[in-house]
Peer 1: 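This is the structure I have questions about; it appears just below.
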4 protein chains.
Amino acid sequence: MPKIGMEPIRRQQLIDATLDSVAELGLHATTINTISKRAGLSSGIIAHYFGGKQGLIEATVRYLLNNLKSNLLQKTQGGCTPKQRLMFIVESNFSSMQQQSSTTRTWLSFWVQSMHDDSLHRLQNVNAKRLHSNLASSFKAYLKPEQAHEAANLAAAMIDGLWLRAVLGKANEGEFKKAEQQAKHYVASLIPNGGE
Amino acid sequence: MPKIGMEPIRRQQLIDATLDSVAELGLHATTINTISKRAGLSSGIIAHYFGGKQGLIEATVRYLLNNLKSNLLQKTQGGCTPKQRLMFIVESNFSSMQQQSSTTRTWLSFWVQSMHDDSLHRLQNVNAKRLHSNLASSFKAYLKPEQAHEAANLAAAMIDGLWLRAVLGKANEGEFKKAEQQAKHYVASLIPNGGE
Amino acid sequence: MPKIGMEPIRRQQLIDATLDSVAELGLHATTINTISKRAGLSSGIIAHYFGGKQGLIEATVRYLLNNLKSNLLQKTQGGCTPKQRLMFIVESNFSSMQQQSSTTRTWLSFWVQSMHDDSLHRLQNVNAKRLHSNLASSFKAYLKPEQAHEAANLAAAMIDGLWLRAVLGKANEGEFKKAEQQAKHYVASLIPNGGE
Amino acid sequence: MPKIGMEPIRRQQLIDATLDSVAELGLHATTINTISKRAGLSSGIIAHYFGGKQGLIEATVRYLLNNLKSNLLQKTQGGCTPKQRLMFIVESNFSSMQQQSSTTRTWLSFWVQSMHDDSLHRLQNVNAKRLHSNLASSFKAYLKPEQAHEAANLAAAMIDGLWLRAVLGKANEGEFKKAEQQAKHYVASLIPNGGE
DNA sequence: TATGAATGAGCCTTCATTCAT
DNA sequence: TATGAATGAAGGCTCATTCAT
């Protein structure tokens, strides 16, 4: 008699294993075997639940994006000022899934793969636009629409740049935290009069 | 006696073909065959001149780094103010190799691969340090050492962040140019009193 | 669940195919493809069961050695005089595996390869020592230890020499049998007073 | 202006290099490059003088056989008794080319290769027959033709067997010498009344 | 006479996919 | 629902051969 309701459990097991494997070995060296072994499951299960490797990769990226989204939602659900919201945006981009430091490199691996993979590129675009619109809508409390967009662009670039350098430089937690502080400071500097 | 003086020509042909292939297909999908076909040569020639695929990849990265370096050197060789030098640094990071838009994504592919490849990581580190030290030494004309380093960090992050977003967003030339302007503007903003 | 209990069958299929291929083509010309084709299986299966070509080669040699060993064991298990045991040793070295004439040359191929392959050399050493110790322990029924060792050396050399010349000379069954008789006769001649 | 009379020099250089390479690496791992590098020449020269790798291999084997032959000739040219001649035959088989201990394994490599290579097999046959006929003709001084042939067979087998075990067992010079003594002793034992 | 650049077939290995159970 | 045996295409590498010089 087949076990019932295993699907969500198995899917999450495999997504977690994928994150692990990509973090440790890189996307390039991650295979169906490195994943299934980490999950303690057979390789065939991936075709069963995700249709194939590509399906699992996409599901994993979606999972990361959802995490990022809900992380911000959770931080802001109690209500907050636009400035606080900007800080939360920075925080969630630096920490959300990155609670396990492992996922930072995973994130970057997927990012780059998206340049040559249309379905990943679509997902990555959604994310970039969401970051921009989140930032812009908050900046609009302090700036004219045109300027708010400009500020959002710069803020997004600074967030990505600092985060990227931290990841590529194999930063430890302290350095990572410092990068986050620098990002916050820069974002704050884009608000006229400190948001008063 | 076999044809003489072909070595540098062949090596460059293969490096160019590698840049092409990685730009179009990504590092993951770039094979000995995609490269040699683009170079109009046989696959065996790669082993002949570079020992193997890995050797060619590394030579290609070294070529990119050297280009970046000599590009800046050329811009500044006539003598310039520290502020001008900062602008040149931004420019060379945005444009050097990137004259052919193809190399932008190549650059990024190698960057990410460096997370899981020691020899590439070493090369990438050299580059990161050179950018930082170039920036810091220029900032020292206007700031105390400590602050100059801080400014160099922020400037480097902003350069990378804007460049990265331009690349991943598949920016056209105009958008790329705009990102460069934003980077310059930001770097200038880190100089007290506009460098007077 | 996949087919169960196939492992020993597949392993034997592949070992048999290896013996065939090496016998016909030589170790040098034996490839993963010549083996897997003979086994009626795909090339990938070799990695699956033996980790690679080298693993299969070693397993095949081990199989030959085990056969030789159990062949002698079987002949002598009913109990026998030391002289009879010596004859059985000769017989098993001439015939054990060699019932299929194919394996004779295979055996020699592995033997020679062992000069440049450490893992094979270790296996080959075990075999050489076993032959010597089998002979020596039997000779000790008739000779002093020192002399028994000497006799074992000479007997082993004659067995190998006759067998080798038969193999290299592409002997037919009759010639092979004659070589075996000569070996037995020589071994018997090393026993004082014909073993009375 | 092309150098004249280089041919015999180059041919010998390449044959020597082949012996070296096969001794050290085995026939399997010996390539046109390992040979030409040892000879201090280019790889193309092999095609030039021997038509290809196979031609060089055959020439090398012929060289070994000629050495063996002339070694015996030289030993016996002063005239000798049949018994002495038998001893010389043993000696030349143990030592002739084996002056450089390196060639022993080379010899064996070629021997085995001859099982799957017709032109080598023909050469190897010539050698086997010569050994047999040399031995038989000497034994005929002491035995009837039929018995002389039998003795020649046994003697040849013992010579090969002892020599083979010495080679495969990676014998040092002392052990090698001892094997030669055992061979001589055995051959002498085949002569009725010690040749008086 | 001699070189070594260049080729491309063939090798072993890796791996996503398929499928019987 | 889950397995892992089996496949076979594709990858990088090795190497004997060819040939312009």
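In what follows, chains are A, B, ... by sequence order, proteins preceding strands, each numbered from 1.
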Peer 1: Please determine, for the side chain of D/I32, which listed nucleotide (F/dA2, E/dT13, F/dT17) has the closest atom?
Peer 2: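 Nearest to the side-chain atoms of D/I32, counting from C-beta on, is F/dT17.
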Peer 1: Given side chains that start at C-beta, do those of A/L25 and B/H116 come closer than 4.5 Å, heavy atoms only?
Peer 2: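 No, side chains not in contact.
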Peer 1: Shortest non-hydrogen contact from C/I35 to C/L14?
Peer 2: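 Result for this residue pair: CG2-O, 4.0 Å.
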Peer 1: Give A/G44 one of three labels, base, sugar-phosphate or nothing, depending on what nucleic acid heavy atoms sit under 4.0 Å from its own.
Peer 2: base
Peer 1: Let's see if you can work this out: which of E/dA16, F/dC13, F/dG11 has an atom nearest to the side-chain heavy atoms of B/N33?
Peer 2: F/dG11
Peer 1: Indicate the atoms forming the closest heavy-atom contact of A/H121 with A/S114, along with that distance.
Peer 2: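 That would be CB-O, 3.2 Å.
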Peer 1: Using the side-chain heavy atoms of A/M6, tell me which of these nucleotides is nearest: E/dA2, F/dA6, F/dT1.
Peer 2: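 It is F/dT1.
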Peer 1: If you only use heavy atoms from C-beta on, which nucleotide in E/dC11, E/dC15, F/dA6 is closest to the side chain of C/H48?
Peer 2: F/dA6
Peer 1: Under 4.0 Å between any heavy atoms, over every strand shown, what does B/L41 touch: base, sugar-phosphate, or nothing? Just pick one.
Peer 2: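 It contacts sugar-phosphate atoms only.
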Peer 1: Please determine whether a side-chain nitrogen or oxygen atom of C/R10 lies at a distance below 4.0 Å from atom OP1 or OP2 of F/dA5.
Peer 2: no
Peer 1: Output yes when at least one side-chain N/O atom of A/Y49 is less than 4.0 Å from OP1 or OP2 of F/dT1, else no.
Peer 2: no
Peer 1: Considering only E/dG8, F/dT3, F/dG11, which nucleotide approaches the side chain of B/T31 most closely?
Peer 2: F/dG11
Peer 1: Taking the side chain of C/S42 as its heavy atoms from C-beta onward, which of F/dT3, F/dG8, E/dC12 lies nearest to it?
Peer 2: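 For the C/S42 side chain, the nearest candidate turns out to be F/dG8.
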Peer 1: Would you say that A/R122 contacts A/D118 through its side chain, given a criterion of any heavy-atom pair below 4.5 Å between the two side chains?
Peer 2: yes
